[in-house]
Peer 1: 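Below is one structure. I have some questions about it.
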Amino acid sequence: MATAFSPSKFAAQPSPLNTTSQNNPLTIPTTASPFLGSTRKLIRLSSSSNLNLRRGSETVVKENKSKSTPNLLITKEEGLELYEDMVLGRAVGTAFDKCAQMYYDRKMFGLVDLYNGQEAVSTGFIKLLKQQDSIVYAYPDHVQALSKGVPARAILSELLRKATGCCRGQGGSLNIFSREHNVLGGLDFIWEGIPIATGVAFRSKYKREVLKEADCDQVTLAFFWHGTCDNVQFYECLNVAALWKLPIVFVVENSV
Amino acid sequence: MLAIARQRMLGQSFKKILPAVSVLRSYSSAAKQITVREALNSALDEEMLADPKVFLMGEEVGEYQGAYKITKGLLEKYGPERVLDTPITEAGFTGIGVGAAYYGLKPVVEFMTFNFSMQAIDHIINSAAKSNYMSAGQISVPIVFRGPNGAAAGVGAQHSQCYAAWYASCPGLKVLSPYNSEDARGLLKAAIRDPDPVVFLENELLYGESFPVSDEVLDSSFCLPIGKAKIEREGKDATITAFSKMVGYALKAAEMLEKDGICAEVINLRSIRPLDRATINASVRKTNRLITVEEGFPQHGVGAEICASVVEESFSYLDAPVERIAGADVPMPYAANLERMAVPQVEDIVRAAKRACYRSVPLAATA
């Protein structure tokens with residue numbers, strides 16, 4: 001699909017996220033998502049003005065004097081898609097929260113974790129990925145899986161222990177996997193996903209250099225809490241990723 | 001499911017080959033002799049040649065040619081992209097291997113000894129063993145963890161533990177333990193080709209031992225079925241089960257028992273998980289007495305599981321309580337004389353077999 005986020009643009013140089021009609025020669029169809037890996041369609045609204053998002057003390061708008069550095073503004077379409085994704089994540093979390101009430105009323109048992117307030121981190125990263133890119137995380141894991149494209153119904157069914165869940169009820173709230181969307185857990189230990197993500201990144205490099213699939217450009221993202229940075233496996237993998245030059249992004253989330 | 005079907009198919013096809021192998025092995029003077037080290041090296045070499053997705057990872061596997069020279073020559077042949085020297089980070093590189101295996105590569109991860117695998121046990125159990133189940137079959141982990149296991153000579157308590165019982169208790173893993181060169185070649189090839197995580201427990205003291213192998217074993221397509229034990233020596237009076245180095249001890253014990261009129265059947269387990277309960281139970285139903293031998297700690301060990309299996313399935317066939325020979329219930333001592341007492345010896349197996357046959361002294365007139 002024709003999008004403003006074609007991979008070649010990223011590979012060549014940092015491309016601007018700003019795609020106002022004045023300086024973007026590409027026309028965006030009304031139903032295509034501006035994001036690579038997204039399976040959702042967005043109805044385009046009339047306005048094409050830039051959307052200036054402020055999140056807490058951070059600002060998306062950067063003052064760039066130089067032409068070569070990217071302009072980090074996003075369009076209204078992109079902003080709406082991001083917002084929709086975050087709201088969906090929160091909604092699933094809230095539904096799950098209602099189930100958590102049942103947990104306290106003893107109708108449901110097990111581990112319940114919520115991602116409320118952190119949705120922007122996963123949405124912001126995952127929306128830039130392609131279907132073939134992978135994500136690995138610890139928990140809570142349902143919001144990241146949603147952003148990557150796993151249907152909300154499959155995730156909620158999994159959280160509610162149904163056989164129609166994405167892992168047939170065998171994984172549960174802490175172990176959400178989806179081969180199709182390259183979502184590799186959901187793992188119980190906060191550090192566990194870091195070496196696994198490093199291994200998946202290793203596979204991308206192996207495919208390109210040993211199996212000679214020259215077009216393989218899969219990237220892996222490892223999400224983990226800031227507390228994980230005390231763990232030995234984090235440092236082991238930083239070392240190995242630098243040593244073997246692996247296509248991985250380590251995302252440290254402030255989960256306070 | 002596919003893995004089990006595949007193994008059944010392999011098992012059926014190799015049922016025809018194995019009797020041929022044993023016939024050939026009786027002509028051992030004409031057969032070629034190779035060490036267990038050469039067997040493992042050739043198995044790795046052939047599997048890496050056959051499948052470009054197979055790669056090796058571990059400490060000193062590349063430039064040092066392997067801590068025990070098992071991976072000798074492979075770096076020169078396949079290059080640093082397929083034979084990876086890792087930093088001293090068991091947890092890290094095991095997890096990296098599992099992540100690579102999630103996506104269809106076939107890593108063979110070497111632990112310098114399985115004692116070091118405890119640093120990485122979270123990844124072996126939680127990431128490798130359980131992922132196929134947790135993802136409802138979406139993700140398979142065709143990884144092999146290999147390295148020396150159990151007691152070596154004079155390496156002390158922290159380098160001598162046997163991990164067969166620990167790993168074999170975990171669903172999702174397969175655990176293999178070869179004895180001779182034929183086992184080493186056939187089982188390692190089977191492990192690399194298997195779509196599930198396999199823990200491959202070698203023995204440092206066996207690496208240098210030579211065994212005769214037939215041409216069948218030396219063929220590059222040779223493979224042994226996982227989950228099938230081998231009857232190394234047929235008998236009728238008592239069944240002795242063993243794995244790894246203890247198979248050699250059990251065979252020596254059986255020779256000594258022969259002189260005393262006890263004809264012992266020795267079973268080489270080969271596969272600790274899945275355990276070949278059918279072969280063990282069939283043997284016990286024939287001989288009515290069982291002696292289990294292992295090097296590891298006695299409590300919750302492999303022998304305990306075999307004993308439970310026999311009691312569950314063949315209780316009425318037992319003429320004597322099951323005798324369980326295991327390592328002493330202490331951390332392995334360092335002094336040579338103490339070490340000898342902490343590991344089963346041939347005399348211990350002979351004594352146990354005689355106990356099971358209710359003979360503590362030789363009969364005056366043997367039949």
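Nothing here was measured: the structure is a model prediction, and the numbers come from that model. Naming: A, B, ... by sequence-line order, numbering from 1 per chain.
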Peer 1: If you count heavy-atom pairs under 4.5 Å with chain A, which of B:Leu84, B:Ile88, B:Asn126, B:Ile96 comes out on top?
Peer 2: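 The residue among B:Leu84, B:Ile88, B:Asn126, B:Ile96 with the greatest pair count is B:Ile96.
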Peer 1: Count the heavy atoms of every other residue, nucleotide or ligand shown that sit under 6.0 Å from NZ of A:Lys205, and state whether that count exceeds 12.
Peer 2: yes
Peer 1: Parallel, tilted or perpendicular: which describes the rings of B:Phe55 and A:Phe202, with under 30° parallel and over 60° perpendicular?
Peer 2: tilted
Peer 1: Assess whether atom OH of A:Tyr235 is packed by more than 12 heavy atoms of other residues, nucleotides or ligands within 6.0 Å.
Peer 2: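 Yes, OH of A:Tyr235 has more than 12 neighbouring heavy atoms, counting only those of other groups under 6.0 Å.
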Peer 1: So what's closer than 4.5 Å to chain B heavy atoms on A:Gln233: side chain, backbone, both or neither?
Peer 2: side chain
Peer 1: Is it the case that atom NE2 in A:His226 sees more than 12 heavy atoms from other parts of the structure closer than 6.0 Å?
Peer 2: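 Check passes, neighbour count above 12.
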Peer 1: Which atoms of A:Val240 are under 4.5 Å from chain B, going by heavy atoms: the side chain, the backbone, both sets, or neither?
Peer 2: side chain
Peer 1: If you compare all heavy atoms of A:Pro195 against all heavy atoms of B:Gly92, which two are closest, and at what distance to 0.1 Å?
Peer 2: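 Looks like CB-O, 3.6 Å.
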Peer 1: Non-hydrogen atoms of chain B under 4.5 Å away: do they reach the side chain of A:Asn182, the backbone, both or neither?
Peer 2: both
Peer 1: Looking at CD of B:Glu81 and CZ of A:Arg208, how far apart are the two atoms once the value is rounded to the nearest 0.5 Å?
Peer 2: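 If we round to the nearest 0.5 Å, B:Glu81:CD and A:Arg208:CZ are 13.0 Å apart.
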Peer 1: Looking at B:Tyr103, does the NZ or CZ of A:Arg179 lie under 6.0 angstrom from its six-membered ring centre and within 45 degrees of the ring axis?
Peer 2: yes
Peer 1: Go through the atoms of A:Ser178 and report whether side chain, backbone, both or neither lie under 4.5 Å from a heavy atom of chain B.
Peer 2: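 Backbone plus side chain of A:Ser178, per the 4.5 Å heavy-atom cut-off to chain B.
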Peer 1: Output yes when a side-chain donor or acceptor of A:Glu236 lies under 3.5 Å from a complementary backbone atom of B:Pro87, and no otherwise.
Peer 2: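 Side chain of A:Glu236 to backbone of B:Pro87, a donor-acceptor pair under 3.5 Å: no, none is there.
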Peer 1: Give a yes or no on whether B:Glu76 atom CD has more than 12 heavy-atom contacts from other residues, nucleotides or ligands under 6.0 Å away.
Peer 2: yes
Peer 1: Check each atom of B:Lys53 against the heavy atoms of chain A and say whether the ones under 4.5 Å are side chain, backbone, both or neither.
Peer 2: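 It is both, since atoms from each part get that close.
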Peer 1: What part of A:Leu246 lies closer than 4.5 angstrom to a heavy atom of chain B: side chain, backbone, both or neither?
Peer 2: neither
Peer 1: I'd like to know which of A:Thr220, A:Ile194, A:Leu184, A:Val232 tops the heavy-atom pair count under 4.5 Å against chain B.
Peer 2: A:Leu184
Peer 1: Does the side chain of B:His123 come within less than 4.5 Å of A:Ile196's, by heavy atoms?
Peer 2: yes
Peer 1: Would a 4.5 Å heavy-atom cut-off, applied to side chains only, mark A:Trp244 and B:Thr86 as touching?
Peer 2: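 They are in contact (side-chain heavy atoms under 4.5 Å apart), so the answer is yes.
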Peer 1: Quick one: are A:Cys167 and B:Met134 in side-chain contact, heavy atoms under 4.5 Å?
Peer 2: no
Peer 1: More than 12 heavy atoms of other residues, nucleotides or ligands under 6.0 Å from CD of B:Gln158: is that the case?
Peer 2: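 Counting neighbours around CD of B:Gln158, 12 or fewer heavy atoms of other residues, nucleotides or ligands fall under 6.0 Å, so no.
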Peer 1: Could you state the interatomic distance from CD (B:Gln138) to CZ (A:Arg168), rounded to the nearest 0.5 Å?
Peer 2: 9.0 Å
Peer 1: Quick check on B:Pro52 against chain A: is it the side chain, the backbone, both or neither that has a heavy atom closer than 4.5 Å?
Peer 2: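 For B:Pro52, the contact with chain A is made by backbone and side chain together.
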Peer 1: Using a cut-off of under 4.5 Å for heavy-atom pairs, which of B:Ile139, B:Thr89, B:Val98, B:Thr94 has the most such pairs with chain A?
Peer 2: B:Thr89
